[in-house]
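In what follows, every chain begins at residue 1, and chains take the letters A, B, ... in the order their sequences are listed. Heavy atoms only: backbone and side chains are in, while hydrogens, waters and symmetry mates are out.
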There are 2 protein chains.
Amino acid sequence: MSSSPLEFLARRLSQRAPLSEDDVAAVSSLPHTVRIVHAATYLVREGEPPKPYCALVISGMAFRHKLTVLGARQIVSLHLRGDILDLQHLFLNIADHSVQALTELDVAEIDREALREVALARPAIGQALWIEGLVDASIYREWVLNVGRRDARARIAHILCEIAIRMHAAEIIEAERFQLPMTQEQLGDATGLTSVHVNRTMKALAADGLIEQAGRWISIRDWNGIRREGDFNPLYLHLDQVAPHFGRPLSALFSRRG
Amino acid sequence: MSSSPLEFLARRLSQRAPLSEDDVAAVSSLPHTVRIVHAATYLVREGEPPKPYCALVISGMAFRHKLTVLGARQIVSLHLRGDILDLQHLFLNIADHSVQALTELDVAEIDREALREVALARPAIGQALWIEGLVDASIYREWVLNVGRRDARARIAHILCEIAIRMHAAEIIEAERFQLPMTQEQLGDATGLTSVHVNRTMKALAADGLIEQAGRWISIRDWNGIRREGDFNPLYLHLDQVAPHFGRPLSALFSRRG
DNA sequence: CGCTTCTTTGAAACGTCTCAATAGAAGTGG
DNA sequence: CCACTTCTATTGAGACGTTTCAAAGAAGCG
């Protein structure tokens with residue numbers, strides 16, 4: 001977590017577009033507060049105007065969701081260290097979905113107006129933020145495909161791949177083993193399945209030697225296998241633009257569809 | 001279609017953010033070509049770098065889609081007059097999905113580099129384009145919910161509501177009757193269903209007096225009914241920011257969940 | 001250590017898909 | 001303008017994947 005939250009943000013943005021010293025200074029001087037958020041806390045509520053600040057995740061995991069009239073929940077994305085949670089509402093007047101902490105979260109709450117300001121006034125920062133937003137949108141598209149056209153086994157395999165590779169790209173995990181802070185019900189809400197079927201499907205993946213479960217820890221035993229099962233092609237994550245440092249063993253496995 | 005394509009674009013953008021005269025002039029002088037595109041033509045292809053121009057739809061309909069390894073197709077969004085088709089790739093190096101003409105299309109191909117330029121250099125234009133992009137993202141989220149958590153009947157009803165209201169907001173239709181240029185297979189690809197089941201479901205909606213089909217023409221017989229069946233809440237379209245002129249009879253029906 | 005939350009399992013019900021075949025509409029070339 | 005071909009819509013019957021309901025175990029937490 002080296003240094004300050006805003007230096008962290010500046011570093012992240014400069015991976016997406018080259019920032020000048022002035023740009024870095026502008027990012028570094030954004031008004032902000034660091035805060036700890038308990039698991040399950042709402043950061044954004046559907047139907048309300050966005051808060052006057054945007055939360056940058058420093059550690060922990062969060063998710064976006066929407067509800068059906070009948071109360072069915074669909075998780076529409078997951079977020080990790082480095083993600084800006086309210087970017088999706090930066091220029092919108094009313095929140096169209098809710099954002100909730102999945103785990104306890106360290107966040108930096110950045111003044112919304114100031115962020116809008118730099119996004120529009122500073123081209124390099126603007127471009128970096130555009131890339132953030134466009135990659136989020138790309139992930140939504142992949143999720144529409146995942147939930148619309150893949151069966152349960154593929155959906156689960158796909159989301160496990162996405163989480164693993166994004167955690168890896170965010171430098172949260174080193175190896176194939178990671179802690180998944182989601183219940184099977186949440187996993188179901190993210191994949192359009194019931195928790196019961198998530199359970200059966202994961203058991204099946206484990207029985208086939210693709211993954212191994214030990215409590216909340218998940219190990220991928222067979223990367224090529226799970227990637228194939230999940231029809232996972234990381235193109236949609238645009239890692240070349242988002243994590244240029246990403247050149248570790250895993251990336252080789254994921255670099256092309258096989 | 002009054003006036004030139006770029007005046008049309010300038011008018012649209014100024015509905016999203018107030019443009020100065022200079023801004024309007026900058027939009028109006030964007031290098032562009034007007035072109036007719038045949039139905040089914042690819043405008044963007046997954047895996048390729050985006051074209052050197054961005055297509056603005058002047059008339060007709062287009063859609064984005066992604067494919068499974070097994071060849072299953074998922075349509076992830078629909079686009080009408082006024083939509084900028086390549087905005088989703090404006091700052092990305094490789095296309096993560098394909099865009100295809102649904103009908104014959106009139107488009108204005110705007111120079112991509114010039115559009116990036118104004119998006120970053122001119123705050124008001126930048127903000128207007130941000131809103132475009134964020135609303136697209138909001139629609140993707142709603143589609144994840146639609147496909148993940150609603151049954152066939154609700155999915156179909158929902159997409160019909162979305163199309164009707166967006167056509168209305170884009171001033172393509174006046175009333176409750178509109179021509180849907182989609183086959184039932186395409187409707188299935190947009191809702192994660194098979195064409196067979198789309199057929200049965202639409203027959204059922206018609207039998208229940210909610211819609212009426214006559215060839216490719218669809219009439220909504222019972223707005224409140226279909227809106228309820230489709231769990232349709234137009235909040236996610238952010239019409240207040242996108243179509244402020246939108247104050248016709250239909251909007252009353254859709255203004256709040258009932 | 002007791003209480004809540006989460007996981008696991010079984011059996012039956014149900015929604016959607018698959019396969020298959022027919023009918024209708026639309027487009028094409030002679 | 002008709003015959004031909006090719007899409008598109010329609011319908012039926014059976015198969016299949018996923019959900020529902022219910023109940024028991026296991027794990028996590030104060």
Side-chain angles (χ1 to χ4, degrees), chain A residues 38-40 68 70-75 100-104 146-160 179-208 211-218 229 231, chain B residues 38-40 68 70-75 100-104 146-160 179-208 211-218 229 231:
Chain A
H38 293 301
T68 274
L70 301 176
R73 180 174 69 167
Q74 178 70 44
I75 293 178
Q100 219 177 340
L102 189 57
T103 63
E104 181 169 287
N146 199 39
V147 154
R149 285 298 187 212
R150 296 200 182 104
D151 65 15
R153 191 178 169 90
R155 287 187 212 177
I156 296 291
H158 190 279
I159 201 174
L160 292 178
Q179 192 159 21
L180 186 66
M182 297 175 76
T183 65
Q184 294 182 347
E185 182 164 15
Q186 290 166 336
L187 226 31
D189 286 344
T191 50
L193 300 168
T194 56
S195 61
V196 171
H197 205 58
V198 168
N199 182 280
R200 293 196 235 265
T201 305
M202 291 195 57
K203 287 266 153 197
L205 290 174
D208 294 346
I211 62 173
E212 198 174 309
Q213 302 183 77
R216 285 286 167 87
W217 286 91
I218 297 212
E229 291 286 346
D231 183 21
Chain B
H38 294 300
T68 273
L70 301 176
R73 181 174 69 166
Q74 178 69 45
I75 293 178
Q100 219 176 339
L102 188 57
T103 63
E104 181 170 287
N146 200 37
V147 152
R149 286 297 187 213
R150 296 200 183 105
D151 65 16
R153 190 177 168 91
R155 287 186 212 178
I156 297 291
H158 189 280
I159 201 173
L160 292 178
Q179 192 158 24
L180 186 66
M182 296 176 76
T183 64
Q184 295 183 345
E185 181 164 16
Q186 290 165 336
L187 226 31
D189 286 345
T191 48
L193 300 167
T194 56
S195 62
V196 171
H197 204 59
V198 169
N199 183 281
R200 292 197 236 264
T201 305
M202 291 194 58
K203 287 267 153 198
L205 290 175
D208 294 346
I211 62 173
E212 198 174 310
Q213 301 182 76
R216 284 286 167 86
W217 287 91
I218 298 214
E229 291 285 346
D231 184 21

Between P of C:dT9 and CD of A:Q184, the distance in whole Å: 10 Å
Residues that B:E212 engages under salt bridge (charged side-chain N to carboxylate O under 4.0 Å, His left out), provided they are two or more places apart: B:R221
Polar-atom pairs under 3.5 Å, protein N or O versus N or O of nucleotides 21-28 of chain C: list them with distances, or write none.
none

Atom-to-atom span, CG of B:L193 to C1' of D:dG17 - whole angstrom: 15 Å
Rounded distance (Å) that lies between atom C1' of C:dT16 and atom CZ of A:R149: 11 Å
Separation of D:dT10 P from B:L187 CG (nearest whole Å): 12 Å
Side chain proximity check, B:L160 to B:L180, heavy atoms < 4.5 angstrom: yes
Short side-chain N/O contact to D:dA9 OP1/OP2 from B:N199, under 4.0 Å: no
End-to-end axis angle, where each axis spans five pairs of the helix from C:dG2-D:dC29 to C:dG30-D:dC1, to 10°: 60°
Could you list the protein-to-nucleotides 20-22 of chain D atom pairs, N/O on both sides, closer than 3.5 Å?
{"residue": "D:dT20", "atom": "O4", "partner": "A:R200", "partner atom": "NH2", "Å": "3.0"}

Length of the CD-C1' vector between A:Q186 and C:dT5, whole Å: 11 Å
Whether B:T68 side chain and B:G71 backbone form a donor-acceptor pair below 3.5 Å: no
Minimum-distance nucleotide (side-chain atoms of A:T183 versus D:dA9, C:dC6, C:dC17): C:dC6
Whole angstrom value for the distance that separates C1' of C:dT7 from CE of A:M202: 11 Å
A:N146 to A:R155 - nearest heavy-atom pair and separation: O-CG, 3.3 Å
Residues in side chain to side chain donor-acceptor pair (under 3.5 Å) contact with B:D151, at least two apart in sequence or another chain: none
Atom-to-atom span, CD of A:Q213 to P of C:dT7 - whole angstrom: 9 Å
Nearest-0.5 Å distance, CD of residue A:E104 to NE2 of residue A:H38: 6.5 Å
Touch class at under 4.0 angstrom, heavy-atom based, for B:G192 against every strand present: sugar-phosphate
For B:E185, side chain to side chain donor-acceptor pair (under 3.5 Å) partners two or more places apart: none
Identify the pairs formed between an N or O of the protein and an N or O of nucleotides 24-28 of chain D at a distance under 3.5 Å, and give each distance.
none

Minimum-distance nucleotide (side-chain atoms of A:K203 versus C:dT16, C:dT9, D:dA9): C:dT9
All side-chain contact (heavy atoms from CB on, under 4.5 Å) counterparts of A:T201, not counting sequence neighbours: A:A152, A:R153, A:I156, A:H197
Salt bridge (Lys or Arg N to Asp or Glu O under 4.0 Å): pairs with one or both residues in residues 188-202 of chain A, sequence neighbours excluded: A:R73-A:D189, A:D189-B:R149
Full working for side chain to side chain contact (heavy atoms under 4.5 Å, CB included) between A:Q74 and A:V147: CA-CA 10 Å; A:Q74 178 70 44; A:V147 154; 4.2 Å; yes
All side-chain contact (heavy atoms from CB on, under 4.5 Å) counterparts of A:Q213, not counting sequence neighbours: A:Q184, A:M202, A:A206, A:I211
Partner set under side chain to side chain donor-acceptor pair (under 3.5 Å) for A:Q179, not counting sequence neighbours: none
Distance in angstrom units between B:M182 CE and D:dC7 C1', rounded: 16 Å
A:Q100 side-chain N/O to A:A40 backbone N/O, donor-acceptor pair under 3.5 Å: yes
side-chain contact (heavy atoms from CB on, under 4.5 Å) partners of A:A190, counting only residues at least two apart: A:I75, A:W143, A:I159, A:M182
